[in-house]
Amino acid sequence: MKTILITGFDPFGGESINPAWEAVKTMDGYTDGGDYKVVTQMVPTVRYTSVKTAIEAADTCNPDFILCVGQAGGRPDITIERVAINCDDFRIPDNGGNQPTDEPVVADGPSAYFATLPIKDMVNALHQAGIPARVSNTAGTFVCNHIMYGVLHYATQKGNVKAGFMHIPYLPSQVVNKPDQPSMAVETVRATLETIVHVLAHGESYEAQNITYTTPHE
């Protein structure tokens, strides 16, 4: 049985919720009974501690895949990240008060790591499921990029773990007082996660329309 670790951040930047954890926490224990199981972990929006928390969870459950999820307010669709760069350049302080400028995520680490998840297959499956999604070529330089880089660094050292990162939009409740900002229902994000889990478990031969979703997403 394959194990898939999914992480989601706690609220940051003055928000009372983070859509990443709101969706991810509903996936804990998700399984088809044979091919895979999902383990979830909330991570703090704090430099270094986010990666440490994710790695501790990975060392406990020994996953085959790690998918980190974060909020990208202003983006209208699911964005699967292609690359993480070795640079922390925070435009705002994280939840620990850290605001580094042009500092490395890992000293003497490579300039970048590319996601080792099948990002194009994931996007294609989401399109088949009627969920707007695309590949993104920037995870930013805040804690989302930090954890993506740090987890990929860990996965590279382990050698048998594939990892990557996904950004999701605001939830509808977050944009009530943010005119013209796009949002996505938590049910749709949940369906996104179900789709991606099936892709990771079954590989390129997987077809999204074969999923029976546990939550509606239209």
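Counting begins at 1 with the first residue of the sequence.
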**Q.** side chain to side chain contact (heavy atoms under 4.5 Å, CB included) assessment of Ile17 paired with Leu171
**A.** CA-CA 9 Å; Ile17 60 173; Leu171 295 181; 3.6 Å; yes
Q: Check whether any side-chain heavy atom of Thr53 sits under 4.5 Å from a side-chain heavy atom of Pro44, and report yes or no.
A: yes
Q. Would a 4.5 Å heavy-atom cut-off, applied to side chains only, mark Val46 and Val143 as touching?
A. no
Q) side-chain hydrogen bond (donor to acceptor under 3.5 Å, both in side chains) between His202 and Tyr36: does it pass, once the steps are laid out? A) CA-CA 9 Å; His202 297 293; Tyr36 59 83; 5.4 Å; no
Q. In the single-linkage hydrophobic clustering (I, L, V, M, F, W, Y; side-chain heavy atoms under 4.5 Å), do Tyr113 and Leu5 co-cluster?
A. yes
Q) What's the verdict on side chain to side chain contact (heavy atoms under 4.5 Å, CB included) for Asp28 and Val38, showing C-alpha distance, side-chain angles and the deciding distance? A) CA-CA 6 Å; Asp28 195 51; Val38 172; 5.8 Å; no
Q. Any side-chain heavy atom of Pro182 sitting closer than 4.5 Å to one from Pro169?
A. no
Q: Decide yes or no for Leu67 and Leu193: does some side-chain heavy atom of the first lie under 4.5 Å from some side-chain heavy atom of the second?
A: yes
Q. So, for Asp64 and Met1, which heavy atoms are closest and what is the spacing to 0.1 Å?
A. OD2-O, 4.2 Å
Q) Which atom pair, heavy atoms only, marks the closest approach of Gly164 to Ala115? A) CA-CB, 4.2 Å
Q. Does a side-chain N-to-carboxylate-O contact under 4.0 Å join Arg134 and Glu81?
A. no
Q. Can any side-chain N or O of Asn95 pair as donor or acceptor with the backbone N or O of Pro11 at less than 3.5 Å?
A. yes
Q: With the side chain counted from C-beta on, respond yes when Thr79 and Met166 share a heavy-atom pair under 4.5 Å apart, and no when they do not.
A: no
Q) Do Asp94 and Tyr48 get their side chains close enough for a donor-acceptor pair, meaning under 3.5 Å? A) no
Q: Give a yes or no on whether Met148 and Met42 share a hydrophobic cluster (residues Ile, Leu, Val, Met, Phe, Trp, Tyr; joining criterion: side-chain heavy atoms under 4.5 Å apart).
A: no
Q. Is there a donor-acceptor contact under 3.5 Å linking the side chains of Gln174 and Gln71?
A. yes
Q: Indicate if Ile196 and Val39 have the same hydrophobic cluster label, given that clusters are the connected sets of ILVMFWY residues with side-chain heavy-atom separations under 4.5 angstrom.
A: no
Q: Side-chain contact test, heavy atoms from C-beta onward, threshold under 4.5 Å: evaluate it for Cys68 versus Ile147 and give yes or no.
A: yes
Q: Quick one: do Lys37 and Ile4 satisfy side chain to side chain contact (heavy atoms under 4.5 Å, CB included)? Show the steps, please.
A: CA-CA 6 Å; Lys37 64 177 180 180; Ile4 302 167; over 6 Å; no
**Q.** Closest approach of Ala54 to Val151 (non-hydrogen atoms, all atoms of both residues)
**A.** CB-CG2, 4.0 Å
**Q.** Arg190: which of Thr26, Val24, Thr195 passes side chain to side chain contact (heavy atoms under 4.5 Å, CB included)
**A.** Thr26
Q: Check whether any side-chain heavy atom of Val197 lies under 4.5 Å from a side-chain heavy atom of Val199, and answer yes or no.
A: no
**Q.** Sidechain-backbone polar pair: Asn18 side chain, Asp10 backbone, donor-acceptor under 3.5 Å
**A.** yes
(Q) Let me confirm one number: the CD-CD distance from Glu56 to Gln41, rounded to the nearest 0.5 Å. (A) 8.5 Å
Q | Atom of Leu200, atom of Pro118 and distance for their closest heavy-atom approach | A | CD2-CD, 3.6 Å
Q: Look at the side-chain heavy atoms of Ile, Leu, Val, Met, Phe, Trp and Tyr, link any pair under 4.5 Å apart, and say whether Ile6 and Phe165 land in one connected group.
A: no
Q. Are more than 12 heavy atoms from other residues, nucleotides or ligands located less than 6.0 Å from atom CG of Asn177?
A. no
Q | Any residue meeting ring pair (Phe, Tyr, Trp, His ring centres under 6.0 Å) with Phe9, in chain and number order, not counting sequence neighbours | A | none
Please output the side-chain donor-acceptor pairs of residues 83-92 that fall under 3.5 Å, not counting sequence neighbours, one pair per line with the distance.
{"from": "Asn86", "atom 1": "OD1", "to": "Val105", "atom 2": "N", "distance (Å)": "2.7"}
{"from": "Asn86", "atom 1": "OD1", "to": "Val106", "atom 2": "N", "distance (Å)": "3.0"}
{"from": "Asn86", "atom 1": "ND2", "to": "Val106", "atom 2": "O", "distance (Å)": "3.0"}
{"from": "Asn86", "atom 1": "ND2", "to": "Gly109", "atom 2": "O", "distance (Å)": "3.4"}
{"from": "Asn86", "atom 1": "ND2", "to": "Pro110", "atom 2": "O", "distance (Å)": "3.4"}
{"from": "Asn86", "atom 1": "ND2", "to": "Tyr149", "atom 2": "OH", "distance (Å)": "3.4"}
{"from": "Asp88", "atom 1": "OD1", "to": "His146", "atom 2": "ND1", "distance (Å)": "3.1"}
{"from": "Asp88", "atom 1": "OD2", "to": "Arg47", "atom 2": "NE", "distance (Å)": "2.7"}
{"from": "Asp88", "atom 1": "OD2", "to": "Arg47", "atom 2": "NH2", "distance (Å)": "3.4"}
{"from": "Asp88", "atom 1": "OD2", "to": "His146", "atom 2": "ND1", "distance (Å)": "2.9"}

Q | Expected output: side-chain Lys2 to main-chain Ala201 donor-acceptor under 3.5 Å | A | yes
**Q.** Between CG on residue Asn145 and NE2 on residue His167, distance to nearest 0.5 Å
**A.** 8.5 Å
Q: First locate atom OG1 of Thr45, then atom CD of Glu15, and finally report the distance between them rounded to the nearest 0.5 Å.
A: 11.0 Å
Q. Hey, any chance Phe65 and Val69 share a hydrophobic cluster, counting ILVMFWY side chains that come within less than 4.5 Å of each other, even indirectly?
A. yes
Q: Measure from the side-chain N and O atoms of His127 to the backbone N and O of Ala133, and report whether any donor-acceptor pair falls under 3.5 Å.
A: yes
Q: Can you see which heavy atom on Cys144 is nearest to which on Ala139, and at what distance?
A: CB-O, 4.1 Å
Q | With sequence neighbours excluded, residues passing salt bridge (charged side-chain N to carboxylate O under 4.0 Å, His left out) with Lys25 | A | Glu22
Q) Does the side chain to side chain contact (heavy atoms under 4.5 Å, CB included) test come out yes or no for Thr40 and Thr7, once each step is laid out? A) CA-CA 6 Å; Thr40 65; Thr7 72; over 6 Å; no
Q | Close side-chain approach of Leu126 and Ile78, heavy atoms under 4.5 Å | A | yes
Q. Does the Thr188 side chain pair with the main chain of Met184, one donor and one acceptor, at a distance under 3.5 Å?
A. no
Q: Could you grab the distance from atom CD of Gln99 to atom OG1 of Thr101, nearest 0.5 Å is fine?
A: 6.5 Å
Q.
Taking the six-membered ring of Tyr170 as reference, does the cationic atom of Lys178 (NZ for Lys, CZ for Arg) lie under 6.0 Å from its centre and within 45° of its axis?
A. yes
Q: Verify ring pair (Phe, Tyr, Trp, His ring centres under 6.0 Å) between Phe12 and Phe142, making sure each step is shown before the conclusion.
A: CA-CA 11 Å; Phe12 72 96; Phe142 193 50; 5.7 Å; yes
Q) Can you check whether Ala163's main-chain N or O pairs, donor with acceptor, with Thr116's side chain at less than 3.5 Å? A) yes
